[in-house]
Peer 1: 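Here it is, the structure in full.
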Amino acid sequence: MVFVKTHDISELTSELIGKEVVLGGWIEDLRKLGKMSFITLRDVSGISQVIVKGELNDNLGEINRQSVVSVKGIVQETKARDFAFEIKADEIDVLGKAIHPLPVDPIGRVESNIDTRLNHRALDMRNQKTASIFKLRHHVLQSLRQTLAEKKFLEITTPKIIGSASEGGADLFSLNYFGDTAYLAQSPQLYKEQMTLGLERVFEISNFYRAENSHTGRHLTEFTSIDIEAAFMDYTDVMDVLESLVMNVYKFTAENCKKEQESIEHTIEVPSSPFERITYNQCIEELQKEGEKVEFGDDLMDAHLRIIGKNHPGFFFLMDWPMKLKPFYIREKDEDATLSRSFDLQFGYLELSSGGTRLHNPEMLQERLKEQGLDPSQFTDHLKSFDWGMPPHSGWGMGLDRLMTTLIGIDNVREVVLYPRDPDRLRP
Ligand code: AMO
């Protein structure tokens with residue numbers, strides 16, 4: 001039995017004509033025509049045609065579609081329209097049988113609903129549409145890391161099992177930690193801030209956890225967050241970083257992921273920049289003009305954001321929120337202490353990111369914790385670091401899963417997460 005490949009299908013070139021190769025992949029199609037069989041073989045990189053003749057064809061026996069096989073054979077030119085080359089097989093080994101009926105159709109001819117696909121995610125990944133989404137996700141991560149490294153951000157990994165809340169008390173998953181109570185981190189907020197006093201610019205791309213009982217296309221209990229924190233930057237500076245990051249992701253994938261765009265039947269449109277920057281106060285005025293009963297200090301509800309999103313389609317920053325709507329670590333504006341140096345990045349109604357300039361004065365931070373009903377003694381480990389020369393700093397967090405939905409033009413984050421977790425889904 002041969003099972004070590006010499007080539008991926010996409011690596012077949014005219015220089016290999018007449019040479020022997022070993023391919024490995026899944027049987028997408030199989031047509032037996034008397035003395036000959038035609039197999040369409042798919043691996044992660046593409047599809048190829050395999051011709052089986054003579055004794056090998058006579059002894060082919062039971063060989064199911066979607067079984068995994070290795071094919072040893074000679075590369076030759078083909079007349080078939082859909083393939084660049086074909087392989088004349090000398091040896092075919094079935095490495096793993098597919099037992100039919102399969103729970104979802106990997107070719108996608110028979111459509112399955114999202115729950116069925118998620119319940120059989122590994123098989124769903126053989127569907128080219130699904131595989132393309134995750135190939136795109138890989139390229140997005142690559143682009144993000146490249147841009148952040150170019151901007152001198154260092155990648156860090158903060159703990160996910162923590163002793164006290166990072167974003168305030170709500171929405172925390174707790175677990176028994178050898179008799180003590182531990183929590184799953186909601187964000188790397190406190191750690192990333194602390195790291196600015198040694199590393200200046202840091203970023204993290206990790207999963208975080210929120211016990212939100214939300215049943216929407218944009219909320220998960222486990223989501224992937226891209227977080228940055230930068231010393232000696234104000235909120236408008238980190239907004240610039242965020243904007244160039246999003247632009248680079250769009251440009252990179254639009255250019256380098258043509259096959260994936262074809263497969264998901266969606267063209268990535270690079271947005272125009274600079275992104276519009278509107279203030280919270282402007283939003284309130286816009287909403288009031290549209291007859292909404294909102295006033296300064298009210299949080300913007302989904303219905304409000306849908307109105308604002310309609311007026312400002314695509315990416316825009318919504319900045320200068322009232323202090324009272326923002327977490328304890330956000331700093332006020334010098335000219336008006338009721339307003340904060342903060343922002344959200346929106347894609348229409350969808351919030352993609354939030355961030356701001358942080359308070360770095362320890363006394364004020366303690367005051368803010370108390371004002372927000374939080375117990376400063378729960379934050380002593382964090383507050384200590386503010387006595388060691390904490391630089392002024394700013395940062396943001398952006399949901400990778402939500403960013404992916406904007407890129408591929410869908411509205412359910414479950415499509416872009418391998419094994420999504422929500423209140424109704426803990427398995428597989
Ligand atoms: P915030 O709580 O706004 O800010 O979260 C930042 C971004 O993370 C994404 N996100 C989620 N995505 C899917 N499911 C969820 N349940 C979920 N919750 C959040 C969103 C959101 O905009 N520490 C601050 C960031 C900072 O100031 O640096 C924070 O966590 O896209």
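Whatever order the structure lists ligands and atoms in, that order sets their numbers, starting from 1. For this chain, numbers begin at 1 and follow the sequence in order.
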Peer 1: Does K192 approach ligand 1 within less than 4.0 angstrom via side chain, backbone, both or neither, non-hydrogen atoms only?
Peer 2: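 For K192, only side-chain atoms sit under 4.0 Å from ligand 1.
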Peer 1: Examine S225 against ligand 1 and note whether any of their N/O atoms are separated by less than 3.5 Å.
Peer 2: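 No - when backbone and side-chain N and O of S225 are compared with those of ligand 1, no distance drops under 3.5 Å.
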Peer 1: Going by the order shown, which atoms of ligand 1 are within less than 4.0 Å of some heavy atom of E351?
Peer 2: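 Per the distance check, 3 (O), 21 (C), 22 (O), 31 (O).
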Peer 1: Measuring from non-hydrogen atoms of G355 to any atom of ligand 1, is the shortest distance under 4.0 Å?
Peer 2: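 Checking ligand 1 against G355, which is what was asked, there is a heavy-atom contact under 4.0 Å.
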Peer 1: Can the positive tip of R306 be found less than 6.0 Å from the middle of the six-membered ring of Y349, inside 45° of the ring normal?
Peer 2: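 Here R306 passes the 6.0 Å and 45° test against Y349.
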Peer 1: Taking H393 as the fixed residue, which of Q194, E193, H360 is the one that meets the side-chain hydrogen bond (donor to acceptor under 3.5 Å, both in side chains) rule?
Peer 2: E193
Peer 1: Minimum distance, heavy atoms only, to atom 26 (C) of ligand 1: which one of Q189, R421, E193, H219 is it?
Peer 2: Q189
Peer 1: Take every heavy atom of F208, measure it against each atom of ligand 1, and state whether any distance is under 4.0 Å.
Peer 2: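 Contact check F208 vs ligand 1: negative.
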Peer 1: Could you tell me whether a side-chain N or O of D43 sits under 3.5 Å from a main-chain N or O of I9, the two making a donor and an acceptor?
Peer 2: yes
Peer 1: Looking at CD of Q261 and CD1 of I408, how far apart are the two atoms once the value is rounded to the nearest 0.5 Å?
Peer 2: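 That separation rounds to 11.0 Å.
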Peer 1: If I take atom CD from residue Q146 and atom CD from residue Q142, how far apart are they, to the nearest 0.5 angstrom?
Peer 2: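 Here the rounded value is 7.0 Å.
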Peer 1: Please verify the inter-ring angle class for F315 with Y250; under 30° counts as parallel, over 60° as perpendicular, anything in between as tilted.
Peer 2: perpendicular
Peer 1: Which atoms of ligand 1 are found less than 4.0 Å from any heavy atom of S187?
Peer 2: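 It comes down to these atoms of ligand 1: 23 (N), 30 (O).
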Peer 1: For ligand 1, which atoms have a heavy atom of G397 less than 4.0 angstrom away?
Peer 2: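 By the 4.0 Å cutoff, the relevant atoms are 6 (C), 7 (C), 25 (C), 26 (C), 28 (O).
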Peer 1: So, is L220 polar-close to ligand 1, with some N/O to N/O distance under 3.5 Å?
Peer 2: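 In this structure, L220 places an N or O atom under 3.5 Å from an N or O of ligand 1.
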Peer 1: With a 6.0 Å cut-off on ring centres, are Y209 and F223 close enough?
Peer 2: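 No, the ring of Y209 stays outside the 6.0 Å limit from the ring of F223, centre to centre.
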Peer 1: At less than 4.0 angstrom from any non-hydrogen atom of S353, what atoms of ligand 1 do you find?
Peer 2: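 Those of ligand 1 that fall under 4.0 Å from S353 are 22 (O).
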Peer 1: Does ligand 1 have an atom that lies less than 4.0 angstrom from a heavy atom of R358?
Peer 2: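 It does, in that a heavy atom of R358 comes within the 4.0 Å cut-off of ligand 1.
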Peer 1: List the atom of M398, the atom of S353, and the distance in Å for their closest heavy-atom pair.
Peer 2: CB-CB, 3.7 Å
Peer 1: Answer yes if the ring centres of F347 and F275 are under 6.0 angstrom apart, and no otherwise.
Peer 2: no
Peer 1: Pick whichever of M398, Q346, R210, R402 has a heavy atom sitting closest to atom 5 (O) of ligand 1.
Peer 2: R210
Peer 1: Keeping the roles fixed (side chain from T357, backbone from D234), state whether a donor-acceptor pair exists under 3.5 Å.
Peer 2: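 Not at all, since once roles are kept as given, no pair shorter than 3.5 Å links the two residues.
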Peer 1: Could you tell me the residue and atom name of the protein heavy atom closest to atom 8 (O) of ligand 1, and the distance to it rounded to 0.1 Å?
Peer 2: F223 CE1, 3.4 Å
Peer 1: If the plane angle is over 60° it's perpendicular, under 30° parallel, otherwise tilted; pick one for F252 and H139.
Peer 2: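 It falls in the tilted class, 30° to 60°.
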Peer 1: Which protein non-hydrogen atom lies closest to atom 13 (C) of ligand 1, naming both residue and atom, and how far is it?
Peer 2: R218 O, 3.3 Å
Peer 1: Can you pull out the closest protein heavy atom to atom 24 (C) of ligand 1? Residue, atom name and distance to 0.1 Å, please.
Peer 2: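 Checking every protein heavy atom, the shortest distance to atom 24 (C) of ligand 1 gives Y329 OH, 3.4 Å.
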Peer 1: Among all protein heavy atoms in this structure, tell me which lies nearest to atom 1 (P) of ligand 1, with the distance rounded to 0.1 Å.
Peer 2: S354 OG, 3.5 Å
Peer 1: Would you check whether L352 reaches within less than 4.0 Å of ligand 1, judged by its heavy atoms?
Peer 2: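 For ligand 1, residue contact (heavy atoms, under 4.0 Å) with L352 is present.
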Peer 1: Check each atom of ligand 1 against the heavy atoms of W396 and keep those under 4.0 Å away; list them by number with element.
Peer 2: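 Numbered from 1, ligand 1 contributes 26 (C), 28 (O).
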